[in-house]
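Order of the sequence lines sets the chain letters (A, B, ...), proteins ahead of strands, with each chain counted from 1. Heavy atoms only: backbone and side chains are in, while hydrogens, waters and symmetry mates are out.
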There are 2 protein chains.
Amino acid sequence: MVRTTPIRKRNPVATRATILAAAHQRFVRESYDGVGLRDIASDAGVDVALIGRYFGSKEGLFREVVFADKEADLFREPKSAADLPAFLAQLVAEDADEDRQHRMEMFIIMLRSASSPKAGEIIRDLVHLDVLGPLAELIGKDGELRANMLLSILIGIGVLRSIMRVDALSLDDGDRAECTERFRCLFEAALTC
Amino acid sequence: MVRTTPIRKRNPVATRATILAAAHQRFVRESYDGVGLRDIASDAGVDVALIGRYFGSKEGLFREVVFADKEADLFREPKSAADLPAFLAQLVAEDADEDRQHRMEMFIIMLRSASSPKAGEIIRDLVHLDVLGPLAELIGKDGELRANMLLSILIGIGVLRSIMRVDALSLDDGDRAECTERFRCLFEAALTC
DNA sequence: CGAATAAATCAACAGGTGTTGACTTGCTTC
DNA sequence: GAAGCAAGTCAACACCTGTTGATTTATTCG
């Protein structure tokens with residue numbers, strides 16, 4: 001018998017990565033509670049039990065998804081507080097390159113599962129370590145408060161757009177440049193007002 | 001035998017209200033998926049089946065909770081766009097009176113269950129009808145975009161504070177007035193920038 | 001008082017959840 | 001090539017979910 005699909009040689013690190021990728025994609029679109037381990041396993045073409053074997057528990061899998069590519073943390077590009085408004089506005093703009101798009105996906109995963117006790121605790125860690133900390137340090141004076149205000153705007157836009165699917169903030173073609181400028185201005189206000 | 005608790009006479013409207021109140025309190029603190037009907041029933045001192053009898057389904061109960069006191073809609077106080085920044089800043093301040101506190105609870109219920117497909121759709125309706133619509137109308141020029149920006153900030157603060165429990169935005173005593181003023185300024189920027 | 005009616009409860013269903021132990025398969029190394 | 005070991009699968013587990021039909025209880029009306 002001729003196989004149509006090539007036999008995937010047994011490869012622990014590859015299957016692990018496959019599961020991780022499948023989980024990522026699911027968690028971008030559904031909440032922690034909404035996603036079932038069987039869904040993820042099915043997407044990855046793997047038995048459910050294997051997830052438990054590799055990641056211990058659903059919570060462990062989620063933690064690994066969230067902390068997956070931490071080396072590419074959200075805020076390494078901007079060098080000074082002055083760059084922040086423009087940087088964040090670009091991040092919010094939807095014509096982002098692949099790298100930024102992936103960073104935005106991580107952000108959306110955070111927002112989607114922020115409720116749900118187990119996932120929420122993991123997310124709280126991530127927010128403090130990878131977002132609020134670096135931001136506050138970069139800003140300097142009143143860093144903590146300013147970082148919180150910036151993050152609030154970021155979260156609000158993300159929730160309104162990606163979770164609630166309200167589309168008035170979806171920048172379409174013509175307005176994009178103007179709208180991005182407005183966001184830049186808003187971020188600046190959060191830093192200076 | 002003497003009863004310690006008075007026998008509650010059978011009263012359909014009263015029990016209905018009790019269930020509704022119990023559901024409200026649960027949905028403020030847990031997400032749609034996280035709350036079980038048995039939890040709510042237990043809080044209300046009632047059998048689970050009664051919920052189905054009164055509200056048809058979990059979704060029906062949630063809808064009724066969300067649309068409960070619609071007459072007291074979120075944005076009836078401000079009379080003009082100029083009043084909005086101060087009004088929203090006051091709404092965000094935590095020393096709000098009972099009325100505003102209740103409105104904030106409704107807002108948090110929205111944020112908590114915005115994920116979860118069933119609840120999300122209900123919430124989307126509410127957001128358009130009771131929040132974005134009135135806001136845009138009040139603002140006038142560029143109303144839709146401005147309303148979205150205002151709501152973004154509102155959502156961000158709510159999520160960061162009540163869902164993620166990040167406390168740097170929790171205004172404690174001394175800073176409160178100063179912090180409220182900053183928020184007012186930020187809302188103003190969202191309208192004018 | 002006794003019959004009728006509505007309110008509330010009981011019990012169970014069918015489906016789905018994460019998790020676990022036993023089992024089989026495939027690769028590698030002697 | 002056969003043994004050993006790890007990778008992957010199967011099956012089942014307790015548990016919990018929302019929902020529903022039959023049953024009991026309290027109230028009301030003739």
Side-chain angles (χ1 to χ4, degrees), chain A residues 1 3 5-23 26-27 30-66 112-113 115-122, chain B residues 1 3 5-23 26-27 30-66 112-113 115-122:
Chain A
M1 176 188 176
R3 272 187 184 269
T5 58
I7 308 172
R8 188 171 39 182
K9 285 183 67 175
R10 288 194 169 183
N11 185 344
V13 326
T15 44
R16 220 189 116 95
T18 305
I19 295 174
L20 219 46
R26 279 280 178 180
F27 285 132
E30 294 166 72
S31 76
Y32 181 83
D33 292 320
V35 176
L37 288 185
R38 283 166 180 81
D39 302 328
I40 298 174
S42 157
D43 287 356
V46 162
D47 190 274
V48 207
L50 207 56
I51 297 183
R53 209 116 306 215
Y54 273 115
F55 302 94
S57 65
K58 186 184 187 181
E59 196 181 343
L61 171 62
F62 184 79
R63 173 172 273 114
E64 203 137 335
V65 167
V66 165
R112 269 244 139 76
S113 300
S115 303
S116 170
K118 291 182 185 176
E121 202 145 329
I122 296 171
Chain B
M1 175 188 176
R3 272 190 185 267
T5 58
I7 308 173
R8 189 171 37 182
K9 286 183 67 175
R10 286 193 171 184
N11 186 346
V13 326
T15 44
R16 220 189 115 96
T18 305
I19 295 174
L20 219 47
R26 280 278 179 179
F27 284 132
E30 293 166 73
S31 77
Y32 181 83
D33 293 319
V35 176
L37 290 184
R38 283 167 178 82
D39 302 328
I40 298 174
S42 156
D43 287 356
V46 164
D47 190 273
V48 206
L50 207 57
I51 297 183
R53 209 117 303 220
Y54 273 113
F55 302 94
S57 65
K58 187 184 186 180
E59 196 180 343
L61 171 62
F62 185 77
R63 172 172 275 113
E64 202 135 336
V65 168
V66 165
R112 268 244 141 76
S113 300
S115 304
S116 170
K118 292 182 184 175
E121 205 145 327
I122 297 171

Rounding to a whole Å, what distance do you find between A:Phe55:CZ and C:dT20:P? 16 Å
Quick one: A:Glu59 CD to C:dG18 C1', roughly how many Å, whole number? 12 Å
At under 4.0 Å between heavy atoms, how does the protein contact nucleotides 3-11 of chain C? Give one character per nucleotide, 5' to 3', with B, S or -. ---BBBBB-
With distance as the sole test, does A:Tyr32 use its side chain to make a donor-acceptor pair with the main-chain N or O of A:Pro117 at under 3.5 Å? no
Determine the contact category for A:Gly36: base if any of its heavy atoms lies under 4.0 Å from a base atom, sugar-phosphate if only primed atoms, P, OP1 or OP2 are that close, otherwise nothing. sugar-phosphate
How many whole angstroms separate atom CG of B:Leu37 from atom C1' of D:dC16? 12 Å
Considering all heavy atoms of both residues, which atom of A:Ile19 and which atom of A:Ile40 are nearest to each other, and what is their separation? O-CG2, 4.0 Å
Rounded to whole Å, please give me the gap between CD1 in A:Ile51 and P in D:dC10. 14 Å
Separation of D:dC15 atom P from A:Lys58 atom NZ, nearest Å, is 19 Å
Just by distance, do the side chain of B:Ser115 and the backbone of A:Arg112 share a donor-acceptor pair under 3.5 Å? yes
Can you label the angle between the A:Phe62 ring and the A:Phe27 ring as parallel, tilted or perpendicular, going by 30° and 60°? perpendicular
Using a 3.5 Å distance criterion without hydrogens, assess whether the side chain of B:Ser31 forms a donor-acceptor pair with backbone atoms of A:Ser116. no
Please report the distance, rounded to the nearest Å, between CZ in B:Arg38 and P in D:dG18. 7 Å
A:Asp43: partners by side-chain hydrogen bond (donor to acceptor under 3.5 Å, both in side chains), with sequence neighbours left out: A:Arg26
Need one value for A:Val13: base, sugar-phosphate or nothing, where a base atom within 4.0 Å counts as base even if backbone is also close, heavy atoms only. nothing
